[in-house]
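Every number for a ligand or one of its atoms is a count from 1 in the order of the listing.
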Amino acid sequence: MIIPRAEHPISRTLISDNALKVLYRLRDAGYASFLVGGCVRDLMLGHEPKDFDVVTDASPEQIQEVFRNARLIGRRFRLAHIHFGREIIEVATFRGIPTDHDEDEPLHAEGNEEGARPSVRESRHAALSDYNIFGTQEEDALRRDFTVNALYYNIRDFTVMDYVGGVRDLKEGVLRMIGDPRARYREDPVRMLRVVRFAAKLGFLIETATAAPIRELGHLLLEVSPARMFEEVLKLFHGGYSAETYELLRSYDLFRYLFPATDESLASESEGFPRVLLPKALESTDARLAAGKPVNPAFLFAAFLWEPVRLRMDQLVGEGMKDQDALRHAADSVLKDQQRHVSVPKRLSFPMREIWEMQLRFPRRHGKNAARLLEHKRFRAAYDFLLLRAQAGAADPELADWWTRFQEVGPEQRTAMVRALAPAAAGRPKRRRRRRAAGREPG
Ligand code: ATP
Ligand code: MG
């Protein structure tokens, strides 16, 4: 189906200049050139697209001839990245119906780590098999995941092309898998995470047949590489709709394949305390994104894994270990298990450990401790984490208030605040008291 310019809302003023440049240059070189995927979906809905993806019938080599600033990435299926300062426009060649052996490569370029330049051998291999990788525009549409993600905006006549009923589904607010959902999830289990992400972000319903196999096939996510899972987790929780996404992941029983230990800890709610730290962390992440503030993945991951770390730590303290040692051990073992599912790069795990360790230091404010803590480069994140714990009923609200005031007042008042601390509250609490308190913490 072709939707003429007068019948859809996409205007060129909403398309980035660089994307337009790419589209026009391809067109002028005699190639087909379309916007495709999420950007067309978002433009049709009147949303601002995150990025712009282009498809063409030009081969990667031909794309490179047209653009001197193009870099080919990917192995079997090569894409061109056209760089314009910080903006990258991704240009792909129409992709054909797959043969069995090229199934595992995602249609879309993955994170930077995997987007390495192909070696000479890989390029030759790709060139040899080009004939069965590239295809027609219709074949390209059928390879995409959901109907609303398979619309094309044609730069030649400004029409929208729809091979799969995506325009109707967009109007009805429905996410529908192209083809047989079960087979498409088996082909690429990450599509289960994607459908949930789009449902949360767009507020769309997942069509019945598309939703039906998810619970049963969720376990296939265990076969996806932890590196790819990490990229997906960031998209799931840093897209601005993490609270809804989390609810949906839980209700489709997918969360356990992302954070198994966390999921287990949620199942074993102790003494009726609801686990509210995580939802609160997600709400605050969404609020920060809505306000245009930066978000830190280390903070989010620290929140996800806090409950398992805390449970493990309590256990070790119960066995007689000092709490700081117990925390270090607990962090090691929880992170090690987690890496098998979703990789946690060192640039995250270091700050995560600091955020956790500082939770033990916050109550110990005597002498120079408080002033020292305030100087710590992770203070802000750790303090935000303390606030979350306090809101969740998992840390003493008076302690959180104390730290809030401590930051606001001048040096003399700080000294006075430390002096005014009752000895028991400021120093190391007695072991028995601490353990009982820890055991009752809701998380
Ligand atoms: P976002 O707004 O998150 O960028 P998007 O739909 O653009 O959403 P991308 O990951 O950027 O998602 O992918 C671009 C397009 O590539 C998708 O719209 C879809 O057509 C196709 N695509 C991406 N990943 C897959 C997949 N795993 N299986 C099939 N098609 C995919
Ligand atoms: Mg996109």
For this session: Among the N/O/S atoms of D51, select the one at the shortest distance from the Mg ion (ligand 2) and name it.
Result: OD1
For this session: Enumerate the atoms of ligand 1 whose separation from the nearest heavy atom of K201 is less than 4.0 angstrom.
Result: 2 (O)
For this session: Tell me whether the centres of the aromatic rings in F34 and Y153 are closer together than 6.0 Å.
Result: no
Problem set entry | Under 4.0 Å to a heavy atom of D53 - the qualifying atoms of ligand 1, by number | 11 (O), 14 (C)
Problem set entry | W402/F362 aromatic ring centres below 6.0 Å | no
Exercise. So, K201 and E244, do they make that salt bridge, N to O below 4.0 Å?
Worked result: no
Exercise. So is R197 actually on top of Y241's ring, under 6.0 Å and inside 45° of the axis?
Worked result: no
Exercise. In ligand 1, which numbered atoms sit nearer than 4.0 Å to a non-hydrogen atom of G37?
Worked result: 18 (O)
Exercise. Do ligand 1 and K50 have nitrogen or oxygen atoms that lie under 3.5 Å from each other?
Worked result: yes
Exercise. Against heavy atoms of R143, which atoms of ligand 1 measure under 4.0 Å?
Worked result: 29 (C), 30 (N)
Exercise. For ligand 1, which atoms have a heavy atom of R191 less than 4.0 angstrom away?
Worked result: 26 (C), 27 (N), 28 (N), 29 (C)
Exercise. Which bit of F198 gets closer than 4.0 Å to ligand 1, counting heavy atoms only: side chain, backbone, both or neither?
Worked result: side chain
Problem set entry | Check: G38 N/O within less than 3.5 Å of ligand 1 N/O | yes
For this session: For ligand 1, note which part of D188 has a heavy atom under 4.0 Å away: side chain, backbone, both or neither.
Result: side chain
Exercise. Does D314 pair with R310 as a salt bridge, N-O distance under 4.0 Å?
Worked result: yes
For this session: Only heavy atoms count here, so choose which of H47, R194, E232 is nearest to atom 22 (N) of ligand 1.
Result: R194
Exercise. Is E187 in contact with ligand 1, taking contact as a heavy-atom separation below 4.0 Å?
Worked result: no
Exercise. If we ignore angles and hydrogens, is there a donor and acceptor under 3.5 Å between the side chains of N149 and R144?
Worked result: no
For this session: May I ask you to decide if the ring planes of F304 and Y246 are parallel, tilted or perpendicular, using 30° and 60° as cut-offs?
Result: tilted
Problem set entry | SB check D384 R380 (cutoff 4.0 Å) | yes
